[in-house]
Amino acid sequence: MAKDFATRAENYSEWYNELVLRADLAENSAVRGCMVIKPYGYAIWEKIQGALDAMFKETGHVNAYFPLFIPNSFFSKEASHVEGFAKECAVVTHYRLKNDPNGKGIVVDENARLEEELIVRPTSETIIWDTYRNWIKSYRDLPILCNQWANVVRWEMRTRLFLRTAEFLWQEGHTAHETEAEAMEEARKMLEVYADFAENWMSVPVLKGTKTANERFAGALETFCIEAMMQDGKALQAGTSHFLGQNFAKAFDVKYLSRENKLEYVWATSWGVSTRLMGALIMAHSDDNGLVLPPKLAPIQVAIIPIYKQAEQLAAISEKVHEIEKALKARGISVKYDDRDAYKPGWKFNEYEFKGVPVRLAIGPRDLEQGTVEVARRDTMEKTVCSLENIDALIENLLAEIQTNLLQKAKNFRTENTHTANTWDEFKDIIENKSGFVLAHWDGTPETEQKIKEETKATIRCIPLNNSLEEGKCIYTGKPSTQKVVFAKSY
RNA sequence: CGGGGUGUAGCGCAGUUGGCUAGCGCGCCACGUUCGGGACGUGGAGGCCGAAGGUUCGAGUCCUUUCACCCCGACCA
């Protein structure tokens, strides 16, 4: 764990896994590529869920739930969608087991084969659009603004804790609209919600942009995304919002009678973020002492640790702590008073640092005498002795400061690691030796993007929204280009 | 699916050209001393050495088969 940053970045996945495990967030399960999210990790997910859910409701959305299983025939209705997901689907073929006639435990009963295979959802567009067909008759039924919190399964060849597990938790919004403009507005609006969440809750700055055709969601006409930079300079796609056009409406025959009494196909969007966000959170802020959580998403915002020798001392400290606890809770701050006798103060200090608790208070006999408390902040590791008077207000301010400081720190890091490349040699040099984001001209063709990927492993992360247009030459082909796009190696 | 690697206590590992009762660190349990940055001492519990088969007087070690996991690619949120 005590590796310097250079070594850590080299073996980022190793460091990251170690960190996750030691911070008690998750572990690999016995099922290939799946993860067990432990209670503390799940508590972070619940914070993420809670904040996002409130934002969805504020923007007029409601929650619903659709089946886990998707009939094979549904799946094949939208051609490019099938192509995109076919290679990573888990399929249910039977519905019964039986005792092995040879006495070797339990086997699949071949007589119980399903007439039609069921696909474990890798995403729910198909089953939802099949359902929406029955919900939509007229323009009066529109828009439909549904979100689903669910698990999905993608049988990835290679998995990585949080970032790419075979099963993951996510939310997927699926909306249906009367007009193209309204659907496009929805897709953009949800991108803004995601960006807002990333920056103001996760303290992770993100680039907003559109994906190139190569990177677009299977079945979408336009994919909007937020891209974050991890501490090793790699990019992480943290959320996507898709404008689906009428592709799914046509595939599932979802038509409505318009205000002009004409039968029209509806317009669609879908958007989602997953437990990958937790990976982003970990990899964006953590250091060699463990996790660093932004206060707004920390299950425990303040840990209080008593320092004492005898039981009477502890009793006196506890009395004081209960007052502090009460004052903090009155301000909506989550507090954990760790008075377990089984662990020593030093052990607890390290424990809460691992877990990323933003603020730690230590209070001992010395403090009792002087009416003080030791306040340690996780982001800077600074310790100060403060008066107990108005400690609740002080901590409330400190939490807010940590929240913005983390964002600022991450922003600075991103700025330092964003480069501009004007020549191909320069481009290759940056990708290989510096990492981070590289702004460069591109001729706009999938072929060029593909070749750059093959030669450098860097892909176009996004074409930034509101990108400033400028004449230039493609870094690779020298053909004319109108804007710089963002390249990076990604997870 | 291709290339590489690893399977020995809960975790991390050592175990020599086959040899006697399979070891170390951390963790765990008990007692005592400690307690302002992961304490220390003493005692203790915990293993069909990934699985199956073979060679041998004797296999953690050699051979064959197989399974699982990890890493690097291709694929992807």
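Nothing here was measured: the structure is a model prediction, and the numbers come from that model. Sequence lines set the chain letters: A, B, ... in the order given, protein chains first and strands last, and positions in each chain run from 1.
- The pair A:Lys208-A:Glu227 fails the salt-bridge criterion, with no side-chain N (NZ, NE, NH1 or NH2) lying under 4.0 Å from an Asp/Glu carboxylate O.
- A cation-pi contact, defined as under 6.0 Å to the ring centre and within 45° of the axis, links A:Lys355 to A:Tyr40.
- Ion pairing of A:Arg377 with A:Glu401 is present here, as a side-chain N (NZ or NE/NH1/NH2) and a carboxylate O approach within less than 4.0 Å.
- If you check every strand for non-hydrogen atoms under 4.0 Å, A:Phe168 touches a base.
- A donor-acceptor contact under 3.5 angstrom links the side-chain atoms of A:Lys383 to the base of B:G37.
- Among the protein residues, A:Thr165 comes within range of the nucleic acid bases, having at least one heavy atom under 4.0 Å from a base atom.
- Separating the CZ atom of A:Arg366 from the C1' atom of B:G37 is a distance of 13 Å, rounded to the nearest angstrom.
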> How would RNA chain B look in dot-bracket form, 5' to 3', counting Watson-Crick and G-U wobble pairs with both distances under 3.5 Å and writing | for bases paired to another strand?
Replying inline: (((((((..((((.....[...)))).((((((.....)))))).....(((((..]....))))))))))))....
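- Counting non-hydrogen atoms under 4.0 angstrom, A:Glu156 reaches a base of the nucleic acid.
- No N or O donor and acceptor, one from the side chain of A:Glu374 and one from the base of B:G37, sit under 3.5 Å apart.
- Remark: A:Glu323 engages A:Lys320 in a salt bridge, criterion side-chain N to carboxylate O under 4.0 Å.
- Contact annotation for A:Lys87: no contact, since no heavy-atom pair falls under 4.0 Å across all strands.
- At a threshold of 4.0 angstrom between heavy atoms, the contacts of A:Glu353 include nucleobase atoms, whether or not backbone atoms are also involved.
- Within 4.0 Å (heavy atoms only), A:Leu236 reaches no atom of the nucleic acid at all.
- Look at A:Glu353 and A:Arg360 and you find a salt bridge, because one of the NZ, NE, NH1 or NH2 atoms lies within 4.0 Å of a carboxylate O, short of that distance.
- Here A:Asp338 pairs with A:Arg340 in a salt bridge; the nearest charged N to carboxylate O distance falls below 4.0 Å.
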